Amino acid sequence: MFSNSDARAAADLPLLAGLNPEQRAAVTLPPEHALILAGAGSGKTRVLTTRIAWLLQTGQVSPGGVLAVTFTNKAAKEMLTRLTAMLPLNARGMWIGTFHGLCNRFLRAHYKLAHLPQAFQILDTQDQLSAIKRLCKQFQVDEERFPPKQLQWFISGCKEDGLRPPDVEVRDAESRKKVEIYQLYEDQCQREGVVDFGELMLRSYELLRDNDAVREHYRRRFRHILIDEFQDTNKLQYAWIKMIAGLPGEGSHSAILAVGDDDQSIYAFRGARVGNMADFVREFSVQHQIKLEQNYRSHSNILDSANALISHNQRRLGKNLRTDAGAGEPVRVVEAPSDFAEAEWVVDELRQLVKGEGYERKEIAVLYRSNAQSRVIETQLFNAGVPYRVYGGLRFFERAEIKHALAYLRLLENPRDDTSFLRVVNFPPRGIGARTLEQLQDAARAAGTSLVDAVGSLPGRAGANLGAFVAKVDVLREQTAGCTLREIIEQMLESSGLIEHYRADREGADRIENLEELASAAESFVTQEGFGRDAVALPVDETAELTQSPASQGLDPDAPLLNEPLPAPPLPVDADTGETLSPLAAFLTHAALEAGDNQAQAGQDAVQLMSVHASKGLEFDAVFITGLEEGLFPHENSLSDHDGLEEERRLMYVAITRARRRLYLSHAQTRMLHGQTRYHIKSRFLEELPEDALKWITPRRSGFADMPASFSIAGGARPAWGNSGIHSNFSAPAALPARKTEPSHGIAAGQQVFHNKFGEGKVLSVQGEGDDARAQVSFGRHGVKWLALAVAKLTVVE
DNA sequence: CAGAAGCGCCTTTTT
DNA sequence: GGCGCTTCTG
């Protein structure tokens, strides 16, 4: 095992150059549980990635033995990019991703044990809500007494607490009804073969909990588990971590490195439990705790402000940021007579920053507590002709036209997906009204089938129209067998009538553009190397990987392999046929798991507008924090309880620590809120800052024009560089090193092949290379299947 | 069946 | 004040 002399030898590795003592200590910790308290701007991501690289390079773990979890796709991508820049390595075997992404991968690999169809589709928040609404209609739930939104919140909350319907405590008639609906919702999802986000987590947790062989396999496999933003984990996520790592004394073989910052916990409102940090230390008997307090981002006036503010919170693990960067400029504070004047001042000031002081626009952020506040500022920016970008709008895959297109695609994969069926059965309009659909739903419920299966039972013109729709989808499915994903999408756009519909619409141009973007996005998804990684149910043979030497991974051949590979117990393999997801199904999964960016045209030099929440993890040369008023920030809804106020203060802490060089704080005496002008006193947070770091300034312009804040842009026009453009996540695939191509599998389209289980079939198409190669084969009685060639044993028939 | 008009809501958000 | 959703009306 690990010894001190090895650590000393490792200390000279170039990987570790430039790390401060705390960072270095964190990176080179022995393989035991540890908690890293990483302050804002303290190089947290660097520590995390260097730790993984160091473990790999010193031969303490192979890529397959690493599990690294983040919350956002962005963070996961960042980690992977940095890691592959440090080390040449095959990222394929590594489990780096978001909680949900990894759970998805896990469930695909064990879909039978998880009681799911292999191509199960994922409901996003919108889909989930419409599924609940549909259910309420069907079971005549009083939507006044049980608003679907509230039911959604209830169901998600239960799942996040790990509770299935029978586990939920029933206290009165109301809660009984809610639990009943929860159960109905579960039945509906199961019948349709769909899972929501919470279900991804909960079901993988339960599978680990209930299946000894699976659990044991992963426990032995993951020697190092690294968790980012640990303060944001919820109850279920922490339970999942415990399940996959094993508590001390439960035959655990892994070391957890949890990285977090209790002062930046701002998601309690959605179930995050900072308390998981303390629980982790206790339950895992954590011996190593390291604080990263050296800040590399901001000047000390900014840090002093942040430190002073956060010291007003009682419940802290305790941490103080420090810097070598010097005092820098004072934090500028401004009082404006109105929200309108505040916006005017912000725009004035930032033009000065750009013109007079050489700041780049994209290095300036305007932050606010709630999104509604962006409007006044946008108006001013628009009038002044300053390019800006607003974060937090609709994301690519959430746009209505994209959701429609995805619904058609989902029906190609799974005709029983009732949510998708209802979404597009009459879109574009084809004479199928609400009455018809009600009848159809009744018939389906009576027969206990899905909607497509009930179509035949409807008589008359209504039945004929429905039949035509189903036939259309069926025809499309047949026609596109053997087509590339791009071709499938293009044909779908045509034959569904979506393109035609939007072409007829005066305002449909943007939508058509988005639909075309969808086809391109799909294409780059397919060509991206290893695209199927998250969706392919390849049997996991980790023993092979664990016995590989570091040299074969492209690592330092002289580094000793310190750990003998642990023989992982054989894993129950579901997909011994090699059957895998079609590119289409994989793409649909991707679309659900990664909603796409919500920012237009990255790279454009535009001022950044966003909520404080959205700014977490980012940094800018200059930051404006606006609307610092009691009731707004801290928000009035949070004032009732102590924890709420502390979370608001952490939010302010996050906002302050975004700034590198210059920080502005502003508040307005009056503000237009919910349609009426309200008077606010300045935020208590301003009082909690150190006087000597601040400078109260008066606006440069002679007096504020206190115009009515109701002024708005005629027609709601948005500038071209606003939020209206499209941007997809597919433009910049993580730069993975090219892998050597495996010997040819010898399978080509048109061939007759034989499969052990499915018999004889004809190859329709082949995609991908090496391990990712897969073939689409038509097996007659067994239908068309996608097979992973690395697994499926296909022989060519003459 | 589609556009218009009215109603009610309104913190933060990722997967 | 404005947006999204439901209901009304041609």
Side-chain angles (χ1 to χ4, degrees), chain A residues 69-76 97-104 122-130 133 143-144 147-149 153 156 159-160 195-201 229 232-234 236-237 265-272 339 367-376 379 391-395 397-398 400 426-436 505 534 589-598 610-617 627 631-639 644 647-648 650-652 654-655 671-678 708-713 716:
Chain A
V69 201
T70 64
F71 274 85
T72 65
N73 291 303
K74 199 174 153 194
T98 62
F99 276 103
H100 294 85
L102 295 174
C103 285
N104 171 61
I122 299 163
L123 299 185
D124 67 16
T125 314
Q126 282 179 43
D127 299 330
Q128 187 189 29
L129 185 62
S130 56
K133 281 184 181 168
E143 296 191 21
E144 299 273 273
K149 272 253 169 66
W153 186 80
S156 306
K159 291 193 181 186
E160 275 169 21
V195 301
D196 59 41
F197 288 130
E199 188 70 28
L200 282 173
M201 277 304 314
E229 307 277 18
D232 289 339
T233 50
N234 63 33
L236 179 57
Q237 284 157 342
S265 159
I266 55 174
Y267 288 111
F269 72 92
R270 66 173 195 211
D339 53 345
L367 308 183
Y368 33 76
R369 172 69 241 262
S370 61
N371 285 308
Q373 289 166 250
S374 77
R375 183 159 227 91
V376 222
T379 305
Y391 285 72
L394 261 198
R395 278 128 90 232
F397 286 110
E398 290 169 355
N426 196 37
F427 192 93
R430 46 176 75 90
I432 298 171
R435 286 280 289 283
T436 308
D505 186 346
D534 279 349
T589 296
H590 172 87
L593 243 28
E594 215 172 309
D597 247 313
N598 52 15
M610 68 191 82
S611 70
V612 179
H613 282 93
S615 76
K616 191 176 167 204
L632 235 203
F633 198 180
H635 197 276
E636 53 196 349
N637 296 1
S638 68
L639 294 179
E647 178 144 320
E648 293 289 305
R650 292 192 290 267
L651 202 47
M652 180 66 182
V654 167
R671 183 174 296 274
M672 206 47 159
L673 222 59
H674 309 323
Q676 51 197 342
T677 305
R678 305 213 328 201
S710 58
F711 176 81
S712 68
I713 307 164

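Since this is a predicted model, take the numbers as computed values, not measurements. To find a chain, count down the sequence lines: A is the first, B the second, and so on, and within it residues start at 1.
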(message) Under a 4.0 Å threshold between the charged nitrogen and the carboxylate oxygen, would D124(A) count as salt-bridged to R395(A)?
(response) no

(message) At 4.0 Å (heavy atoms only), tell me whether I432(A) reaches a base, stays on the sugar-phosphate, or touches nothing.
(response) sugar-phosphate

(request) Could I get the full list of ring-ring contact (aromatic ring centres under 6.0 Å, His included) partners for F427(A), not counting sequence neighbours? (result) H404(A), H501(A)

(request) Decide, yes or no, whether a salt bridge links K616(A) with E229(A) under the criterion of side-chain N to carboxylate O below 4.0 Å. (result) yes

(message) Would you measure the distance from the C1' atom in dT11(B) across to the matching atom in dT6(C) and give it in whole Å?
(response) 25 Å

(message) Which nucleotide wins on minimum distance to the side chain of H674(A), given the candidates dT6(C), dC10(B), dC1(B)?
(response) dC10(B)

(request) Measure from the side chain of P429(A), starting at C-beta and using heavy atoms only, and say which of dT12(B), dT13(B), dA2(B) lies closest. (result) dA2(B)

(request) Kindly point out which of dT12(B), dT11(B), dT15(B) is positioned nearest to the side chain of S638(A)? (result) dT11(B)

(message) On DNA chain B, does the nearest nucleotide to R430(A) precede the nearest nucleotide to E647(A) from the 5' side, or the other way round? Give the residue.
(response) R430(A)

(request) Specify the glycosidic conformation (syn or anti) of dT11(B), with syn defined as within 90° of 0. (result) syn

(request) Quick one: label N371(A) by what it contacts on the DNA or RNA (base, sugar-phosphate, nothing), any heavy atom closer than 4.0 Å. (result) sugar-phosphate

(message) Rounded to whole Å, please give me the gap between CD in Q126(A) and C1' in dT13(B).
(response) 14 Å

(message) Measure NE2/H590(A) against P/dT14(B) and give the value in whole Å, please.
(response) 16 Å

(message) On the nucleotide dT11(B), are OP1 or OP2 found under 4.0 Å from the side-chain N or O atoms that R270(A) carries?
(response) no

(message) So if I take every side-chain heavy atom of H613(A) and compare against dT11(B), dT14(B), dT13(B), which nucleotide ends up nearest?
(response) dT13(B)

(request) Take atom CD of E636(A) and atom P of dT12(B), then tell me their distance rounded to the nearest Å. (result) 13 Å

(request) Mind calculating the distance between CG (D196(A)) and C1' (dT14(B)) to the nearest angstrom? (result) 14 Å

(message) So, OP1 or OP2 of dT11(B): does either fall under 4.0 Å of a side-chain N or O from S611(A)?
(response) no

(request) Just call it for F99(A): base, sugar-phosphate, or nothing, with non-hydrogen atoms closer than 4.0 Å on any strand. (result) nothing

(request) Grab the CG-P distance between L394(A) and dT13(B) for me, whole Å please. (result) 13 Å

(message) Rounding to an integer number of Å, can you tell me how far R375(A) CZ sits from dC3(C) C1'?
(response) 9 Å

(request) Look at the side-chain N and O atoms of N73(A) and state whether any lies under 4.0 Å from the OP1 or OP2 oxygen of dT14(B). (result) no

(message) In this structure, is the centre-to-centre distance between the rings of H635(A) and F269(A) below 6.0 Å?
(response) no

(request) Look at all strands and tell whether F71(A) reaches a base, only sugar-phosphate, or nothing, counting heavy atoms closer than 4.0 Å. (result) sugar-phosphate

(request) Would you mind reading off the distance between L129(A) atom CG and dG4(C) atom P, rounded to a whole angstrom? (result) 14 Å

(message) Please compare N637(A) and P428(A) by the position of their nearest nucleotide in DNA chain B and report the one closer to 5'.
(response) P428(A)

(message) Using the C1' atom as the point on both nucleotides, what is the distance between dT12(B) and dC5(C), in whole Å?
(response) 23 Å

(request) Select base, sugar-phosphate, or nothing to describe what E143(A) touches, counting heavy atoms under 4.0 Å on all strands. (result) nothing

(request) Check the geometry between F269(A) and dT12(B) and answer yes if their rings are stacked (centres below 5.5 Å, planes below 30°), otherwise no. (result) yes

(message) Check this for me: does any side-chain nitrogen of one of R678(A) and E636(A) sit under 4.0 Å from a carboxylate oxygen of the other?
(response) yes

(request) Give the nucleotide from the list dT11(B), dT15(B), dT13(B) with an atom nearest to the side chain of T125(A). (result) dT15(B)

(message) Tell me the interatomic distance from L632(A), atom CG, to dC10(B), atom C1', rounded to whole angstroms.
(response) 12 Å

(request) For dT14(B) and dC3(C), measure between their C1' atoms and round to the nearest Å. (result) 23 Å

(message) Applying a 4.0 Å non-hydrogen cut-off, can you work out what G431(A) is touching in the nucleic acid: base, sugar-phosphate, or nothing?
(response) sugar-phosphate

(message) Looking at D196(A) and K159(A), is there a salt bridge between them, counting it only when a charged N and a carboxylate O are closer than 4.0 Å?
(response) yes

(request) In plain terms, say whether K133(A) and E143(A) are close enough for a salt bridge, that is, a side-chain N and a carboxylate O under 4.0 Å apart. (result) no

